[in-house]
K.L.:
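Pasting in a structure now, in structure tokens, and then I'll have a few things to ask.
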Amino acid sequence: MSRPQTFTHMEALTSLSNNIIITIDGPAASGKSSVGRLLAKKLHFVFVSSGSYYRALAWSALQENIDVSQETNILVWLKTLHLETRMNDGEAHPLINQVDPMNQLFEKKVNVLVSPLAASSAVRNFLLRTLRELALGLNIVMEGRDIGSVVFPETRWKFYLHASDDERIRRRTQEGEDDSILERDRIDSTRQLAPLMIPKGATVIDTTHLGISEVTEKIFTDLKDSQ
Ligand code: C5P
């Protein structure tokens, strides 16, 4: 995979190159999705929330009543599942067996199941392949928990966002969501496979006192300045 070495002449570069991967990792409600979406729009890149793929699998497991406590059940279920991606307004949407579950991905029951399910090695291997294939030949901004550490460890454009627990809980409450984010963080950071961590070489940004456009601007400037 060939990658450009600099973002100094970003526009010229992106018109010539077709596989720039910018990764944004961090805990829940640290601003990854909002910032990633805005950054992707600014750069005319495709935006991928990898969490929506994990959520789509959790939604499907609930629909199909899969007993996810057994890894073998998960393996059998994944063999029958047809996961595709539909591009919608520059953003990748997971389709499961041709259904777009986007409107149901933030329901309480999905919030509860997603992190335990994301600890399964069958699920992680399945989505690792999916997310890597999705990026082929594209310029993308992809956000998640292990994107800079596991999915695309070789990219040189990696960011890690974090914010205080109080601020992150405040953001989720303001969004009207019933989501135990600290419990999800605990599961995500302590699992054996691809735990949430600061990827090697990532630029770390504390978003506690910053707005979405300020963080996006910081990343944009960092990309432009990187040599
Ligand atoms: O980003 P979002 O909060 O939608 O992610 C939902 C869950 O999906 C996370 O809490 C985590 O358990 C899982 N996830 C993951 N690896 C990623 C993205 C999300 O394990 N790269």
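Residue indices begin at 1 and follow the sequence shown. Counting starts at 1 for both ligands and their atoms, following the listed order.
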K.L.:
Report, in ascending order of atom number, the atoms of ligand 1 lying under 4.0 Å from any heavy atom of V114.
P.N.:
7 (C), 8 (O)
K.L.:
Among all protein heavy atoms in this structure, tell me which lies nearest to atom 16 (N) of ligand 1, with the distance rounded to 0.1 Å.
P.N.:
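Among all protein heavy atoms, the one nearest atom 16 (N) of ligand 1 is R124 NH2, 3.0 Å.
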K.L.:
Using 4.0 Å as the upper bound for N to carboxylate O, is an ion pair formed by D185 and R168?
P.N.:
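Result for this pair is yes, salt bridge flagged.
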K.L.:
Please indicate whether K108 has more than 12 foreign heavy atoms, meaning atoms of other residues, nucleotides or ligands, lying under 6.0 Å from its NZ.
P.N.:
yes
K.L.:
Does any donor atom in the side chain of S180 or R186 lie under 3.5 Å from an acceptor atom in the other side chain?
P.N.:
no
K.L.:
Considering only heavy atoms, does R184 approach ligand 1 within less than 4.0 Å through its side chain, its backbone, both, or neither?
P.N.:
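R184 to ligand 1: side-chain contact only, backbone stays beyond 4.0 Å.
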K.L.:
Scan side-chain atoms only and decide if E143 and S50 contain a donor-acceptor pair under the 3.5 Å cut-off.
P.N.:
no
K.L.:
Is the Lys NZ or Arg CZ of K42 less than 6.0 Å from the centre of F220's six-membered ring, within 45° of the axis?
P.N.:
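Judged by the rule, K42 and F220 form a cation-pi pair.
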K.L.:
Which one holds for I147 and ligand 1: side chain close, backbone close, both close, or neither close, with close meaning a heavy atom under 4.0 Å?
P.N.:
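Side chain only.
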K.L.:
Which of the listed options, G144, P195, A118, G51, holds the heavy atom that is closest to atom 19 (C) of ligand 1?
P.N.:
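Ranked by closest heavy atom to atom 19 (C) of ligand 1, first place is G51.
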K.L.:
How does R191 reach ligand 1, by side chain, by backbone, by both or by neither, if only non-hydrogen atoms under 4.0 Å count?
P.N.:
side chain
K.L.:
Considering heavy atoms of the protein only, find what lies nearest to atom 8 (O) of ligand 1 and give residue, atom and distance to 0.1 Å.
P.N.:
Y54 CB, 3.4 Å
K.L.:
Where on D146 is there a heavy atom closer than 4.0 Å to ligand 1, on the side chain, on the backbone, on both, or on neither?
P.N.:
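Within the 4.0 Å criterion, D146 contacts ligand 1 through backbone and side-chain atoms alike.
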K.L.:
Answer yes or no: is there an ion pair linking E214 with K218, defined by an N-O contact shorter than 4.0 Å?
P.N.:
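No.
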